[in-house]
Amino acid sequence: MLNEQPYWNPVIETLSREKLRSLQLKKFKAIFKWAYENSRFHRSLYDEAGIKPEDIRSLADVRHVPKVEKSMMQRIQRKDPFPYGDALCVPLEDVTEYRQTSGTTGQPVYQPDTWQDWEWWSECWAYILWAQGYRPSDRVFLPFGYNIFVAFWAAHYAAEKLGCEVIPGGVLDTQARILKIQELKATALMATPTYILGMAATANNKMGIEPASLGITKITCAGEPGASIPSTKKRMEAAWNAKVYDHAGATEIGAWSYECTAQPLGTHVNEAFFLVEIEDIDTGDIIEEPGRRGKMIITALDRIAQPCVRFDSKDVIEWDSGSCDCGRTFRIIKGGVVGRADDITKVKGVLLAPSAIEEVVRSIEGLGDEFEVIVDKLGDVDRIKLKVELAPGFEDKAKEIEPRLKDQLRLKTNLGYRIEIYDYGSLPRYDVKAKRFKDLRDKH
Amino acid sequence: MSTNLDVNAVDKKIQSIRQIASELKEIGRECPALDRNLVRLSASIKMLELNFSDVASLDA
Ligand SMILES: [Zn+2]
């Protein structure tokens with residue numbers, strides 16, 4: 001009976017929209033008050049803006065609360081209570097977990113959690129995994145470096161909470177991981193899209209093992225948009241003969257969004273645990289309606305050690321207009337996280353998201369999974385170069401593939417490209433997260 | 001499949017566990033095995049509250 005229940009929590013996941021909004025308001029008031037009363041950083045931010053907990057009477061009032069940016073956290077940290085500084089809301093001795101952000105820009109942000117916060121992290125992940133069909137009979141293999149980055153740590157604890165058997169696949173190299181999956185007959189896997197495709201290539205090309213034969217039935221992705229890019233999802237599903245599901249989360253936020261087994265071409269926001277707002281990048285207005293992209297401002301409604309209140313995540317998202325066949329009342333963001341506001345750049349005056357190029361490259365039969373985009377300037381004119389590889393077996397098809405690629409790129413991104421086609425294996429490979437987009441324009 | 005769970009009845013039971021855990025925490029201050037395990041128990045109770053009590057309180 002339990003295993004047939006499609007929802008981790010049928011009470012919350014089918015709550016009426018009206019009640020969900022009431023729950024969000026009630027929780028926002030509580031976490032705002034908590035941050036105001038316990039964090040010197042938050043109190044001075046809010047005092048400066050002239051806003052107090054009692055000023056929040058409706059969800060419309062929430063947008064008057066100042067946003068918190070990563071750079072603000074970077075500035076207040078490495079001070080007492082060391083290393084977290086003034087945003088820490090609990091005694092240092094109550095902190096049981098340390099993680100840090102993995103971004104490449106500047107000082108990492110240190111993230112403290114109490115044991116309750118850590119339970120909350122795995123509770124968020126329990127919603128995700130149950131919605132993606134994980135059940136106690138699953139044997140889950142986690143091929144990630146168990147270290148200072150949160151990555152799939154909370155997924156590990158959540159899978160245990162569900163009753164799954166969890167195999168920690170840290171430290172092992174890719175081939176050893178594939179052999180372990182084979183030996184133990186693992187049924188589920190979690191990794192970045194780059195690593196899922198890389199593992200499949202290693203199994204196929206270096207080990208003579210067909211990944212589709214390994215018995216993996218579901219894969220949960222994170223860290224990159226790939227699992228919500230239809231052509232990349234299709235490649236992963238075909239390689240592993242498994243269902244591939246997306247999820248979104250971040251060190252400073254938590255695991256806030258997930259795809260369900262209905263695969264609605266988007267991810268549900270866990271609106272009982274998070275308040276997501278979408279802000280117009282140019283005007284700063286809050287976008288309520290579907291179909292308009294903006295950047296996400298998010299509040300984790302129950303995280304206490306270092307609160308996440310109206311955090312400017314820079315993730316670019318948009319609301320979907322439809323409901324989902326799964327019956328959840330949590331809203332869907334269309335196509336998951338499309339990219340980062342920092343990555344979406346203007347080339348020749350046209351807005352370009354690297355994920356749009358990925359969608360085209362991976363939709364063309366005969367091209368390998370890897371590619372590289374280089375934007376530079378010749379005089380005052382932007383130029384964009386795309387390097388791709390021919391997949392094994394398509395070595396003599398470059399002349400046929402190139403015009404198709406150019407047409408699709410023009411159609412999907414409104415830009416012209418200089419295409420360079422290479423033999424399979426020529427472009428750089430990435431282990432975890434890929435860096436396929438290079439903007440060299442500032443260097444001229 | 002939805003649910004016939006009576007959220008208010010579930011909340012009542014959760015609150016009685018919360019009460020007992022608080023009493024135990026009070027008497028266990030000098031005993032690590034009691035105090036530290038109750039921190040964990042308390043976090044688990046909190047998860048039950050997030051899942052059920054918070055919804056029950058919407059009707060209150
Ligand atoms: Zn759904």
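- Sparse packing is recorded around CD of A:Glu18, with 12 or fewer heavy atoms of other residues, nucleotides or ligands lying under 6.0 Å away.
- Environment of NZ in A:Lys27: crowded, with over 12 heavy atoms of neighbouring residues, nucleotides or ligands closer than 6.0 Å.
- Residues A:Asp302 and B:Lys46 form no side-chain contact, since every pair of their non-hydrogen atoms from C-beta on lies 4.5 Å or further apart.
- Applying the side-chain contact (heavy atoms from CB on, under 4.5 Å) test between A:Ile12 and each of B:Leu50, B:Val55, B:Val7 identifies B:Val55 as the sole match.
- A distance of 8.5 Å separates CZ in A:Phe273 from CG in B:Asp54, rounded to the nearest 0.5 Å.
- Of the atoms belonging to B:Ser42, not a single heavy atom falls under 4.5 Å from chain A.
- At a 4.5 Å heavy-atom cutoff, the contact between A:Leu15 and chain B is made by side-chain atoms alone.
- Residues B:Met47 and A:Lys161 approach most closely at CG-NZ, 4.2 Å, considering heavy atoms.
- The 12-atom threshold is not exceeded at CG of A:Asp325, counting heavy atoms of other residues, nucleotides or ligands nearer than 6.0 Å.
- Both the backbone and the side chain of A:Lys19 have a heavy atom closer than 4.5 Å to some heavy atom of chain B.
- Scanning both residues, A:Lys26 and B:Ser57, for their nearest heavy atoms gives NZ-OG, 2.6 Å.
- Rounded to the nearest 0.5 angstrom, A:Glu123 CD and B:Leu48 CG are separated by 8.0 Å.
- Counted within 6.0 Å of CD on A:Glu93, heavy atoms from surrounding residues, nucleotides or ligands total 12 or fewer; the atom is thus considered open.
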